[in-house]
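Keep in mind that what you see is a predicted model, and the values were worked out from it rather than measured. Atom set for the values below is all heavy atoms of this structure, side chains included, hydrogens, waters and symmetry mates excluded.
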Amino acid sequence: MEKSNNHLVIMAGGIGSRFWPMSTPECPKQFIDVLGCGRTLLQLTVDRFKNICPQENIWVVTSESYADIVKAQLPEIPETNILKEPCRRNTAPCIAYVSWRIKKQNPKANIVVAPSDHIVMDVPEFERVIRSGLNFTAETDSILTLGMKPNRPETGYGYIQADLSFASARNKEIFRVDSFKEKPDFATASRYVKKNNYFWNSGIFVWNVSTIINAFRVYQPAIAQIFENLIPIYGTPQEQDIINQEFPNCESISVDYAIMEKVEEIFVLPANFGWSDLGTWGSLHEQVPHDVYGNACIGQNISVYDTRNCMIHTTQERKVVVQGLDGFIVAEKNHTLLICKLSEEQRIKQFSEE
């Protein structure tokens, strides 16, 4: 596998504010230091690929309103590799745009597509898995998705059902996908976890550029035609203006519905590298270290007394003292303080709008 052909595509246009008050629509979670480590989730995503692909092969697809934030947080990548969507059209048009853009530059490109707001705790294992996947797609006309081995009946993730009876002849840890499953209820998720062939759908994809473009041509010809017609303008000063005109004409559809659930040559690589999509305060609480009482504390000077099972994120305060809480979120940002039961965090959106 030629490293110069490896490309990373980061999808960073989401407006999620479920980490309010830390995240807002003006500065969503991918642009903030959720882990208190001095790096945002977007920056950590790039960091994980430093040994896999060169900086000039890193692409970020984001909203026009977030382009300056991306530029400020990732000054090392070429500004021309920050592709700006003029409007939201879900993930299929986003992936189609960047795929045609990359193909014009490198027809042999081998691509990893990753969300910007996930965390990975075991980076060496992540690197190994990604390299294994890239080797596979460099040699085949297959689409590969990473499936996370579930450790609980999670209702917030989609699932991948794999056929584990036969591994790929080219890679013994890769298997055919039988089907994709929508986010289940708890009873269904519990059944999935008891079986060994259901995996969380991570939303991380690997393919070569010809494979994904051919898939769009077959299964989404209208979207394909839009970006095929724009080949002459990619990389020119006219690109953004033309994209602003044509991108809104794309159907708003996810790549899962548009491509993944239709193609025949689709495979899954089951993996376990401490992954989470960090969709909730609860998911952050599960991933970061706890004290002996189950408290996860991110901040410079936090003291807890008679407190258990709490998620405390107070990076801007000099001193924080919490006493007598069990199962709460305590979070602050820019003079806004949230104290909420972890079990009630679905109401955070309501709080943030009041």
Practice task
Output the distance between atom CG (N57) and atom CD1 (I52), rounded to the nearest 0.5 Å.
Solution key: 12.5 Å

Problem - Neighbour count >12 (heavy atoms, 6.0 Å) for atom CZ, R152 - result: yes

Handout entry: For A12 against T62, the heavy-atom pair lying closest together
Key = O-OG1, 2.8 Å

Exercise for the section: Kindly indicate whether the side chain of V322, heavy atoms from C-beta on, has any atom under 4.5 Å from the side chain of C310. Expected result: no

Problem - Expected output: side-chain K104 to main-chain I231 donor-acceptor under 3.5 Å - result: yes

Fill in the blank from the handout: Of all heavy-atom pairs linking D33 and G38, the shortest is OD2-N, 2.8 Å

Exercise for the section: Starting from the C-alpha separation in whole Å, work towards a yes-or-no answer on side-chain contact (heavy atoms from CB on, under 4.5 Å) for L342 and I329. Expected result: CA-CA 6 Å; L342 271 165; I329 305 161; 3.5 Å; yes

Problem - Side-chain heavy atoms of F126 within contact of F49, under 4.5 Å - result: yes

Handout entry: Flag, side chain of N249 to backbone of I226, donor-acceptor distance under 3.5 Å
Key = no

Exercise for the section: Using atom types as modelled and distance alone, determine if a side-chain donor or acceptor of N208 lies under 3.5 Å from a backbone N or O of D141. Expected result: no

Practice task
Look at atom OH of Y257 and say whether more than 12 heavy atoms of other residues, nucleotides or ligands are closer to it than 6.0 Å.
Solution key: no

Practice task
Look only at the side chain of E345 and the backbone of G282, and say whether a donor-acceptor pair between them is shorter than 3.5 Å.
Solution key: yes

Exercise for the section: State whether R128 and E173 are salt-bridged, where the test is any N-O pair (Lys NZ or Arg NE/NH1/NH2 against Asp/Glu carboxylate O) under 4.0 Å. Expected result: yes

Problem - Crowding at CD, E79 (>12 non-hydrogen neighbours, <6.0 Å) - result: no

Exercise for the section: Is it possible for you to say whether L146 and I160 belong to one hydrophobic cluster, with membership spreading through side-chain heavy-atom contacts below 4.5 Å? Expected result: no

Handout entry: Q240 side chain to N244 side chain, donor-acceptor N/O pair below 3.5 angstrom
Key = yes

Practice task
Identify the two heavy atoms, one from P54 and one from N6, that lie closest to each other, and give their separation to 0.1 Å.
Solution key: CD-O, 4.0 Å

Exercise for the section: Could you point out which residue of E127, R48, M148 forms a side chain to side chain contact (heavy atoms under 4.5 Å, CB included) with F273? Expected result: M148

Handout entry: Expected output: side-chain D122 to main-chain G274 donor-acceptor under 3.5 Å
Key = no

Handout entry: Ionic contact status for D68 with K71, cut-off 4.0 Å
Key = yes

Practice task
Indicate if I82 and V113 have the same hydrophobic cluster label, given that clusters are the connected sets of ILVMFWY residues with side-chain heavy-atom separations under 4.5 angstrom.
Solution key: no

Practice task
State the CG-CG distance between D326 and N295, to the nearest 0.5 angstrom.
Solution key: 8.5 Å

Exercise for the section: Please tell me if the side chains of I69 and L42 come closer than 4.5 Å, counting only heavy atoms from C-beta onward. Expected result: no

Exercise for the section: Scan side-chain atoms only and decide if S303 and K319 contain a donor-acceptor pair under the 3.5 Å cut-off. Expected result: yes

Handout entry: Beyond-backbone contact of N272 with E125, side-chain heavy atoms, under 4.5 angstrom
Key = no

Practice task
Compare all side-chain heavy atoms of N197 with those of Q161 and state whether any distance is below 4.5 angstrom.
Solution key: yes

Handout entry: Side-chain heavy atoms of I242 within contact of Q245, under 4.5 Å
Key = yes

Exercise for the section: Start with the C-alpha gap between V209 and H7, add the side-chain angles, then the distance that decides, and say whether side-chain contact (heavy atoms from CB on, under 4.5 Å) holds. Expected result: CA-CA 10 Å; V209 71; H7 288 248; over 6 Å; no

Problem - F328 reachable from I312 in the ILVMFWY side-chain graph, under 4.5 Å edges - result: yes

Exercise for the section: Check for a donor-acceptor pair, side chain of E239 on one end and backbone N or O of G235 on the other, with a separation under 3.5 Å. Expected result: yes

Practice task
Before giving the answer on side chain to side chain donor-acceptor pair (under 3.5 Å), spell out for N229 and Q225 the whole-Å C-alpha distance, their side-chain angles and the decisive distance to 0.1 Å.
Solution key: CA-CA 6 Å; N229 291 341; Q225 192 61 55; 2.7 Å; yes

Problem - Donor-acceptor side-chain pairing of Q316 and N334 below 3.5 angstrom - result: yes

Handout entry: K108 atom NZ, over 12 foreign heavy atoms within 6.0 Å
Key = no

Practice task
Check the pair Q300 / V320 against side-chain contact (heavy atoms from CB on, under 4.5 Å), numbers first and verdict last.
Solution key: CA-CA 9 Å; Q300 299 303 312; V320 174; over 6 Å; no

Practice task
Look at the rings of W275 and W200 and say which category their plane angle falls in: under 30° parallel, 30 to 60° tilted, over 60° perpendicular.
Solution key: tilted

Practice task
Would you please say whether a donor-acceptor pair under 3.5 Å links the side chains of S283 and D277?
Solution key: no

Problem - Nearest-0.5 Å distance, CD1 of residue I213 to CD1 of residue I102 - result: 9.0 Å

Handout entry: F227 ring center near F216 ring center (under 6.0 Å)
Key = no

Handout entry: Side-chain touch Q105/W59, heavy atoms, less than 4.5 angstrom
Key = yes

Exercise for the section: Tell me, with the steps shown, if K183 and T155 meet side-chain contact (heavy atoms from CB on, under 4.5 Å). Expected result: CA-CA 6 Å; K183 295 176 182 178; T155 60; over 6 Å; no

Problem - Flag for N5-N106: side-chain donor and acceptor within less than 3.5 Å - result: yes

Problem - Under 3.5 Å donor-acceptor, Q30 side chain and S116 backbone - result: no

Practice task
Nearest 0.5 Å please: distance from the CD1 atom of I243 over to the CG atom of L83.
Solution key: 8.0 Å

Exercise for the section: State, yes or no, whether a side-chain contact exists between H313 and E332 at a heavy-atom distance under 4.5 Å. Expected result: no

Handout entry: CG on D291 to CZ on R308, rounded to 0.5 Å
Key = 9.5 Å

Practice task
Return yes if some donor-acceptor pair links the side-chain N/O of T91 with the main-chain N/O of V255 below 3.5 Å, else return no.
Solution key: yes

Exercise for the section: Determine whether the side chains of E139 and N135 contain a donor N or O and an acceptor N or O closer than 3.5 Å. Expected result: no

Problem - V129-L164 co-clustered via ILVMFWY side chain contacts under 4.5 Å - result: no

Problem - Single-linkage hydrophobic cluster V98~M11, side-chain heavy atoms < 4.5 angstrom - result: yes

Practice task
State whether D117 and K29 are salt-bridged, where the test is any N-O pair (Lys NZ or Arg NE/NH1/NH2 against Asp/Glu carboxylate O) under 4.0 Å.
Solution key: yes

Handout entry: Nearest-0.5 Å distance, CZ of residue F205 to CD1 of residue I259
Key = 10.5 Å

Fill in the blank from the handout: Heavy-atom closest pair (G324 atom, T307 atom, distance to 0.1 Å) is N-OG1, 3.2 Å

Fill in the blank from the handout: Smallest heavy-atom separation, S210 atom then P107 atom, equals OG-O, 3.8 Å

Exercise for the section: Indicate, with yes or no, if the rings of Y305 and Y293 have centres closer together than 6.0 Å. Expected result: no

Handout entry: Donor-acceptor pair, side chain of Y159 and main chain of E154, under 3.5 angstrom
Key = yes

Practice task
Check G147 against V268 and note the closest heavy-atom contact, atom names and distance.
Solution key: N-CG2, 3.6 Å

Handout entry: Flag, side chain of H285 to backbone of G294, donor-acceptor distance under 3.5 Å
Key = yes

